[in-house]
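Right, one structure below, let's go through it.
Just so you know, residue 1 is the first one in the sequence shown, and it goes up from there.
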Amino acid sequence: MMRHLSQTLATTALLALAAPVFAEGSSIIEANVKLLEAGDTVAASRIPDGIYLRRVNDPNDIIWERLPEYRVHVAPAPSVHESVDLRIDYDDAGQDVYLTMARTSERFYVRMRWRDAQPDLVTSSNRFRDAAAVQFSLGDDATSYLMGDGPDAPVNIWYWRSDRGEVQNLAAGGPGSTTMLDNQPVSGAAEFVDKGSAAANEWSVVMSRPIPTTGDYEVSFRRGEVPMAFAIWQGSDGQRDGLKSVSDGWILVSLEES
């Protein structure tokens, strides 16, 4: 009884702190969502202790509507191999990905959502799955945001794939070096939202990990800030492997306690 009362009071406090403006039939007025560019710094939202998502990675929990949301623009990644260069659509203007970064005393969360006309859930000879990734520099923002700079300047990657609904904990030290890590503490969940219009349909994906690290090449959340970059793969556009859309440079996410 006391725990439920405490949770109710904490939830009420959070809702009172940041109640966004809503449009009829829409969760967020997206014109008011700040565009982040390379080098910008934003603070990870702090979810008070005692507030819990309905499920640990619930992409549709009401809490996301009460936390600041940002957006980054993603566009085709620079080619790193001739086979990728042959497939890139250089006329693709890209799209915005909407982001929420948040933490509790126990977990760090990233929520991503983006427009997608249809869910692509199968990989075969001529069909490709949708996917998304969050990349963290293990050093500072001098590390290349394009998969790192070798073994001395690697990156940690959380990779969600729609066909399995899982999140993989990866590391890389440059293009073509992506490696599955022994420890897999990252989890996630996703929801495809059919809004009745191909132009409005969207994916919403949440990935999270406990604050403590469990092995090498995992990003530390016990630091002042961490550089982050983002990528999506649109299966219906033939995107796979190095053919993807990425944000341009690092966003610096402050982890300082407020």
Side-chain angles (χ1 to χ4, degrees), residues 36 42-47 51-65 67-72 74 96-114 116 119-121 129-138 145 147 154-172 178-193 202-215 217-223 225-235 244-247 250-253 255:
L36 299 178
V42 296
S45 297
R46 185 66 161 87
I47 301 174
I51 293 181
Y52 307 94
L53 279 67
R54 295 174 301 185
R55 293 178 287 125
V56 67
N57 295 303
D58 189 346
N60 198 36
D61 195 282
I62 193 173
I63 198 169
W64 305 118
E65 297 179 350
L67 298 176
E69 185 176 53
Y70 304 93
R71 58 190 171 100
V72 295
V74 298
D96 286 347
V97 174
Y98 294 82
L99 308 167
T100 302
M101 285 75 68
R103 60 165 297 168
T104 66
S105 60
E106 299 178 347
R107 298 187 75 84
F108 182 85
Y109 294 87
V110 181
R111 182 180 186 246
M112 302 172 63
R113 65 182 184 91
W114 65 95
D116 195 346
D120 295 293
L121 308 175
R129 63 178 177 259
D130 294 328
V134 183
Q135 180 179 246
F136 305 89
S137 171
L138 297 182
Y145 73 96
M147 309 293 285
V155 295
N156 183 201
I157 301 167
W158 298 355
Y159 174 66
W160 167 82
R161 46 189 294 175
S162 64
D163 56 347
R164 295 184 183 177
E166 65 181 13
V167 179
Q168 297 173 343
N169 189 31
L170 311 172
T178 305
T179 302
M180 181 86 73
L181 295 176
D182 291 336
N183 294 317
Q184 293 292 313
V186 186
S187 61
E191 179 182 28
F192 184 80
V193 183
E202 66 179 32
W203 275 110
S204 180
V205 177
V206 174
M207 296 179 260
S208 72
R209 198 204 75 192
I211 296 295
T213 57
T214 60
Y217 303 108
E218 291 182 358
V219 62
S220 171
F221 296 122
R222 302 190 188 279
R223 56 196 283 197
E225 64 183 21
V226 58
M228 295 177 61
F230 308 90
I232 61 171
W233 287 257
Q234 296 279 30
K244 58 189 175 182
S245 295
V246 300
S247 55
W250 297 110
I251 301 301
L252 305 178
V253 179
L255 303 173

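- Q184 places none of its side-chain heavy atoms less than 4.5 Å from the side chain of E166.
- A132 approaches M112 most closely through the heavy-atom pair CB-CE, 4.1 Å.
- Remark: Y159 engages W233 in a ring pair (Phe, Tyr, Trp, His ring centres under 6.0 Å) (not counting sequence neighbours).
- Counting all heavy atoms, side chain and backbone alike, V206 lies closest to P59 at CG2-CA, 3.5 Å.
- Applying the side-chain contact (heavy atoms from CB on, under 4.5 Å) test to P119 and every residue at least two apart in sequence or in another chain returns L121, F192, W203.
- Counting only distance, with no hydrogens or angles, the side chain of R209 and the backbone of V219 share a donor-acceptor pair below 3.5 Å.
- Here the OH atom belonging to Y217 is positioned 9.0 Å from the CG atom belonging to L181, to the nearest 0.5 angstrom.
- For D120, the salt bridge (charged side-chain N to carboxylate O under 4.0 Å, His left out) criterion is met by no residue, not counting sequence neighbours.
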CA sep, side-chain torsions, deciding dist, call: L138, V155, side chain to side chain contact (heavy atoms under 4.5 Å, CB included):
CA-CA 5 Å; L138 297 182; V155 295; 5.7 Å; no

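- Note that the CD1 atom of I63 and the OG1 atom of T100 stand 10.0 Å from one another [nearest 0.5 Å].
- The shortest side-chain heavy-atom distance between N156 and N169 falls under the 4.5 Å cut-off.
- Taking CG of D61 as the start and CZ of R55 as the end, the distance is 9.0 Å to the nearest 0.5 Å.
- Across all their heavy atoms, S105 and R46 have their closest contact at N-NH1, 3.3 Å.
- At least one side-chain heavy atom of M228 sits under 4.5 Å from a side-chain heavy atom of V110.
- Y145 is not listed as a side-chain neighbour of I251, based on a closest heavy-atom distance of 4.5 Å or more.
- Legend: residues meeting side-chain contact (heavy atoms from CB on, under 4.5 Å) with S187, ordered by chain and number and at least two apart, are N57, R107, S208.
- A pairwise comparison of heavy atoms in A231 and V246 identifies CB-CG1, 3.8 Å as the closest pair.
- Partners of F108 according to the ring pair (Phe, Tyr, Trp, His ring centres under 6.0 Å) rule, which considers only residues two or more places apart in sequence or in another chain, are F221.
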Under the side chain to side chain contact (heavy atoms under 4.5 Å, CB included) criterion, do D130 and Q234 qualify, and how do the steps go?
CA-CA 5 Å; D130 294 328; Q234 296 279 30; 3.9 Å; yes

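- Looking only at side-chain heavy atoms (C-beta outward), V205 and W114 come within less than 4.5 Å of each other.
- Between L67 and A102, the shortest heavy-atom distance links the atoms CD1-CB, 4.0 Å.
- Taking CE from M180 and CD from Q168, the interatomic distance works out to 3.5 Å, rounded to the nearest 0.5 Å.
- Here the side chains of R164 and R129 are not in contact, with every heavy-atom distance at 4.5 Å or above.
- Environment of CD in E191: crowded, with over 12 heavy atoms of neighbouring residues, nucleotides or ligands closer than 6.0 Å.
- Remark: L170 CG to W158 CH2 distance equals 12.0 Å, nearest 0.5 Å.
- Counting heavy atoms from C-beta outward, N60 and D58 have side chains that approach closer than 4.5 Å.
- To the nearest 0.5 Å, atoms CH2 (W160) and CD1 (I232) are separated by 10.0 Å.
- Annotation: side-chain contact (heavy atoms from CB on, under 4.5 Å) contacts of P227 (sequence neighbours excluded): S137, D141, R223, W250, L252.
- Annotation: side chain of Y109 is in contact with side chain of W64 (closest heavy-atom distance under 4.5 Å).
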